[in-house]
Q: 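Structure below; questions to follow.
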Amino acid sequence: MQIGSMKRPERVAVIGVGILGSSVGWNLTRHGVEVVFIDAGQPGEGVTNWSFSWVNASNKTVRKSYFDLNVASMAAYQELARTIGPDSWWYPRGHLRWADDPAAEAKLLETAELLTSWDYRVEVHTGTEVRRRLEPALTVPDDVPVVFYPDEAWVHGRHLVGRLVGLAVAAGAEHRFGTAVREIGTRADGAIRTVILSDGSRLDVDVVVNAAGPSASHVAGLVGRHLPMRWEPGAVTRIECPQVPVHRPMHAPHIEIRPDGDASMALHSREIDALIDTGEDPAELARLLHESARRVIPELGNSRITQTRVSNRPIPADGFPSVGAVPSVPGYYEAVTHSGITLGPVIGGLLAAEILSGKRDEMLADFRPERFFP
């Protein structure tokens, strides 16, 4: 399917320079398009830097088309690492998951069976085997089944964004960081014409990509569009330790843990996120996360909390991505989703191709922006 004209865009404003915005912009510059990156902060330092940053499709089984999109992006990551080099951003070491009650364990194993039937690689080990072969530092009980997804990974989001933006700028892209978008102007026919920034500068563009994460609804409003978003805040804590005692991300009971570099780890928990709406102090959230992590990995007893951030996840109202052109506003495109870390490479490639050709890829058919409002 094709939408709009086949006229090649001359200048594209990418609003929001996290993993999605940087991926779209980098793909466009590779095809010779003039790109302007715009971010009220600095690239990769918003929700991209405060995500659990787990690249997966095992947690995306609610809809087969959504699972398939995530699997495609996992493959796109492999290609991206080959293209730009893995540097300090790509860690394809698999992912572990186990439970501590019979109902959750049954659900975990049921999901593993479903994924296997969808040709997704899954291994099931005992706690003893995991400690012997993969993660000796864990306290996982001997006979507990632990599901291992060998093709999953974690990504250092800020490093990847920096790499993509750097490559795009080297290819001619411009950037306006530390400056918010104040207004988006349109022509008489409703098509995108200008972006006006909070510093008063005006950019003549013919395409806008709304990749503004938690601020995407506000940016959509600047072109008269209502993009319904959820309010779903999450807390991520970073801890510092002399040596990171585990090698891969994991979902242990009540806590998610992953490496975050040579001397740092990231912690998250949906259970602790539920305390945010009660007004719990972020320092207390961090303490609870740290306590849970130390129960799973006793070696973290000498670690210390360094940073905690509570941020709203960029989730469209129905929980699925909003990606592609909005037909009522020619030249306006959206790239808004939870799981942006996983989906960045595939959305970046598909949306750039759509902007360049006007053709809509069937892989995005269930995730079009007009399902909310035309």
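Not measured: the values here are computed from a predicted model.
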Q: For the OG1 atom of T128 and the CG atom of D142, what is their distance to the nearest 0.5 Å?
A: 3.5 Å
Q: Which pair of heavy atoms, one from G301 and one from R294, lies closest together, and at what distance?
A: CA-CD, 3.7 Å
Q: Are I297 and I272 connected in the hydrophobic side-chain network, where two residues link if heavy atoms are under 4.5 Å apart?
A: yes
Q: Who are the side-chain contact (heavy atoms from CB on, under 4.5 Å) partners of S201, not counting sequence neighbours?
A: L197, D199
Q: Test of understanding: clusters of I, L, V, M, F, W, Y form through side-chain heavy atoms closer than 4.5 Å, transitively. Do L285 and W50 belong to the same one?
A: no
Q: Looking at P214 and P314, what are the two nearest heavy atoms and their distance?
A: N-CB, 3.7 Å
Q: Would you say that more than 12 heavy atoms from the other residues, nucleotides or ligands in this model lie under 6.0 Å from the CD of E291, or not?
A: yes
Q: Got a sec, which residues hit ring-ring contact (aromatic ring centres under 6.0 Å, His included) with H251, two or more places apart in sequence or on another chain?
A: F52, W54, H95
Q: Considering residues at least two apart in sequence or located in another chain, which fulfil the ring-ring contact (aromatic ring centres under 6.0 Å, His included) criterion with H254?
A: none
Q: Mind checking what makes side chain to side chain donor-acceptor pair (under 3.5 Å) contact with S51, not counting sequence neighbours?
A: none
Q: So that I can tick it off, tell me whether R258 and E152 are bridged by a salt bridge, with the cut-off set at under 4.0 angstrom between side-chain N and carboxylate O.
A: no
Q: Please evaluate residues S73 and I347 with respect to the criterion side chain to side chain contact (heavy atoms under 4.5 Å, CB included), reporting the C-alpha separation (whole Å), side-chain torsions for both, the decisive distance (0.1 Å), and the verdict.
A: CA-CA 8 Å; S73 206; I347 287 177; over 6 Å; no
Q: Quick one: name the residues clustered hydrophobically with I196, using the 4.5 Å side-chain heavy-atom rule over I, L, V, M, F, W, Y, and just say none if it's on its own.
A: none
Q: Heavy atoms only: give me the nearest V207-P9 pair and the separation to one decimal.
A: CG2-CB, 3.8 Å
Q: Using side chain to side chain contact (heavy atoms under 4.5 Å, CB included), reason through L222 and E183 one step at a time and then give a plain yes or no.
A: CA-CA 6 Å; L222 297 178; E183 186 179 333; 5.7 Å; no
Q: Taking side chain as C-beta onward, heavy atoms only, is P298 less than 4.5 Å from T139?
A: yes
Q: Counting distance only, does the side-chain N/O of T337 pair as donor-acceptor with the main-chain N or O of S339 below 3.5 Å?
A: no
Q: So, R371 and D366, do they make that salt bridge, N to O below 4.0 Å?
A: no
Q: Considering only heavy atoms from C-beta outward, does the side chain of M265 approach that of P245 to under 4.5 Å?
A: yes
Q: Rounded to the nearest 0.5 Å, what separates atom CG in L96 from atom CD in E135?
A: 6.0 Å
Q: Do L28 and F37 sit in the same hydrophobic cluster, where Ile, Leu, Val, Met, Phe, Trp and Tyr count as joined when their side-chain heavy atoms come under 4.5 Å apart?
A: yes
Q: Taking all non-hydrogen atoms of both residues, which atom of G41 and which atom of F177 are closest, and how far apart?
A: O-CB, 3.6 Å
Q: Hey, does the side chain of N312 reach the backbone of W231 with a donor-acceptor pair shorter than 3.5 angstrom?
A: no
Q: Between E334 and S322, does the side chain to side chain donor-acceptor pair (under 3.5 Å) criterion hold? Intermediate values first, please.
A: CA-CA 6 Å; E334 288 178 351; S322 180; 2.7 Å; yes
Q: Let me have the donor-acceptor pairs involving side chains of residues 105-117, under 3.5 Å, with sequence neighbours excluded, atom names and distances please.
A:
unit_1, atom_1, unit_2, atom_2, d
T111, OG1, K107, O, 3.0
T116, OG1, A112, O, 2.9
S117, OG, L114, O, 2.5

Q: I need the I257 CD1 to I239 CD1 distance, nearest 0.5 Å.
A: 8.0 Å
Q: Looking at CH2 of W154 and OG1 of T342, how far apart are the two atoms once the value is rounded to the nearest 0.5 Å?
A: 14.0 Å
Q: Atom CG of residue position D101 - does it have more than 12 heavy atoms of other residues, nucleotides or ligands inside 6.0 Å?
A: yes
Q: Rounded to the nearest 0.5 Å, what separates atom CG in N49 from atom CD1 in I19?
A: 11.5 Å
Q: Checking R225 against Y332: charged group under 6.0 Å from the ring centre and within 45 degrees of the axis?
A: no
Q: Show the nearest heavy-atom pair for residues S53 and T48, with the distance to one decimal.
A: OG-O, 4.1 Å
Q: Apply the test side chain to side chain contact (heavy atoms under 4.5 Å, CB included) to residues N70 and N56: give CA-CA distance (whole Å), side-chain angles for both, the deciding distance (0.1 Å), then the verdict.
A: CA-CA 7 Å; N70 281 267; N56 80 96; 5.8 Å; no
Q: With side chains defined as the heavy atoms from C-beta onward, is the minimum distance between W89 and I84 less than 4.5 Å?
A: yes
Q: Can you tell if the side chain of R97 reaches within under 4.5 Å of the side chain of N59, non-hydrogen atoms only?
A: yes
Q: Would you please test L203 and R176 for side chain to side chain contact (heavy atoms under 4.5 Å, CB included) and show each step?
A: CA-CA 10 Å; L203 307 174; R176 303 284 194 279; 3.6 Å; yes
Q: Does anything in residues 25-39 form a side-chain hydrogen bond (donor to acceptor under 3.5 Å, both in side chains)? List the pairs, not counting sequence neighbours.
A: R11-E34
Q: Verify, without hydrogens or angle tests, whether E129 (side chain) and T126 (backbone) share a donor-acceptor contact under 3.5 angstrom.
A: yes
Q: Taking only residues two or more places apart in sequence, or in another chain, which ones meet D273 in a side-chain contact (heavy atoms from CB on, under 4.5 Å)?
A: A235, H268, R270, I276, R313
Q: If you compare all heavy atoms of L134 against all heavy atoms of R248, which two are closest, and at what distance to 0.1 Å?
A: O-NH1, 3.3 Å
Q: According to side-chain contact (heavy atoms from CB on, under 4.5 Å), who are the partners of P228, at least two apart in sequence or on a separate chain?
A: H226, A317, F372, F373
Q: For H159, enumerate each residue passing the ring-ring contact (aromatic ring centres under 6.0 Å, His included) test, keeping only those at least two apart in sequence or located in another chain.
A: H156
Q: A side-chain contact here means heavy atoms from C-beta on lying under 4.5 Å apart; do R360 and R368 qualify?
A: yes
Q: List the steps, then state whether side chain to side chain donor-acceptor pair (under 3.5 Å) holds for S198 with T179.
A: CA-CA 6 Å; S198 56; T179 307; 5.1 Å; no
Q: Only one of L160, D151, V346 passes side chain to side chain contact (heavy atoms under 4.5 Å, CB included) with Y77; say which it is.
A: L160
Q: Do any N or O atoms from the side chain of D206 and from the backbone of E10 form a donor-acceptor pair under 3.5 angstrom?
A: yes
Q: Could you check whether any side-chain heavy atom of I341 comes within less than 4.5 Å of a side-chain heavy atom of V55, counting everything from C-beta outward?
A: yes
Q: Is the closest side-chain heavy-atom distance between W90 and V155 below 4.5 Å?
A: yes
Q: Side chains of V223 and V326: closer than 4.5 Å at any heavy-atom pair?
A: no
Q: Can you get from V236 to L289 by hopping between Ile, Leu, Val, Met, Phe, Trp and Tyr side chains that sit under 4.5 Å apart?
A: no
Q: Can you tell me how far CD of E240 sits from CG of D260, rounded to the nearest 0.5 angstrom?
A: 11.5 Å
Q: Taking a hydrophobic cluster as the set of Ile, Leu, Val, Met, Phe, Trp and Tyr residues connected by side-chain heavy atoms closer than 4.5 Å, whether directly or through intermediates, do I315 and L227 fall within one such cluster?
A: no
Q: List for me each residue that meets side chain to side chain donor-acceptor pair (under 3.5 Å) alongside Y66, sequence neighbours excluded, and say none if there are none.
A: none
Q: Please list, one pair per line, the donor and acceptor atoms closer than 3.5 Å that link side chains of residues 143-150 to other protein atoms, with sequence neighbours excluded.
A:
none

